[in-house]
J.: 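I have a structure I would like to understand better, so I am pasting it below and will then ask my questions one at a time.
The chain is numbered in sequence order, starting from 1.
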Amino acid sequence: MKRIIPKIVLIAAAFYIILMLWEGALHQEVLLGGVIGSVLLAVLASIFFIKSEHAVHVGEIIVLWAMVLAFVAYGLLCFGGIL
């Protein structure tokens, strides 16, 4: 049962990668963002397939703090009067 989470993450990542590339194909103005997002998502999803538990933990912490800082930056840019 322990190995089901990486499989679910892989399926979800594949779904969103296909979705981003499909939207990029339909709307050329978001193609670059879709490709960048797809590559980033593939790299992040591959974290779960690293054999070292310590490396997985470090990767999870990095991703967690990157998301927190991205939300802070978004809040400052949109609601903090910067933009």
J.: Of all the heavy-atom pairs spanning Ala25 and Leu31, show the shortest one and how long it is.
T.: N-CD1, 4.2 Å

J.: What's the verdict on side chain to side chain contact (heavy atoms under 4.5 Å, CB included) for Lys7 and Leu10, showing C-alpha distance, side-chain angles and the deciding distance?
T.: CA-CA 5 Å; Lys7 292 176 186 172; Leu10 183 64; 5.6 Å; no

J.: Check the surroundings of atom NE2 in His57: do more than 12 heavy atoms from other residues, nucleotides or ligands lie under 6.0 Å from it?
T.: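 No, NE2 of His57 has 12 or fewer neighbouring heavy atoms, counting only those of other groups under 6.0 Å.
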
J.: How far apart are the closest heavy atoms of Leu21 and Gly34, and which atoms are they?
T.: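 Smallest interatomic distance, heavy atoms only, reads CD2-O, 4.2 Å.
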
J.: Rounded at 0.5 Å granularity, tell me how far CD1 in Ile4 sits from CD1 in Ile8.
T.: 4.5 Å

J.: Among the clusters formed by ILVMFWY side chains lying less than 4.5 Å apart, do Leu40 and Leu64 turn up in the same one?
T.: yes

J.: Do you know which two heavy atoms are closest between Val30 and Gly24, and how far apart they sit?
T.: CG2-CA, 4.1 Å

J.: Are Phe15 and Met20 linked, directly or through intermediate hydrophobic residues, by side-chain heavy-atom contacts shorter than 4.5 Å (ILVMFWY only)?
T.: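 Met20 clusters together with Phe15.
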
J.: Test of understanding: clusters of I, L, V, M, F, W, Y form through side-chain heavy atoms closer than 4.5 Å, transitively. Do Ile11 and Leu19 belong to the same one?
T.: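 Different clusters: Ile11 never reaches Leu19 through Ile, Leu, Val, Met, Phe, Trp or Tyr contacts under 4.5 Å.
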
J.: Give the cluster check for Ile61 versus Phe71: same hydrophobic cluster or not, with ILVMFWY residues linked at side-chain heavy-atom distances below 4.5 Å.
T.: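 Different hydrophobic clusters.
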
J.: Which atom pair, heavy atoms only, marks the closest approach of Ala13 to Leu41?
T.: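 Shortest heavy-atom contact: O-CD2, 3.7 Å.
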
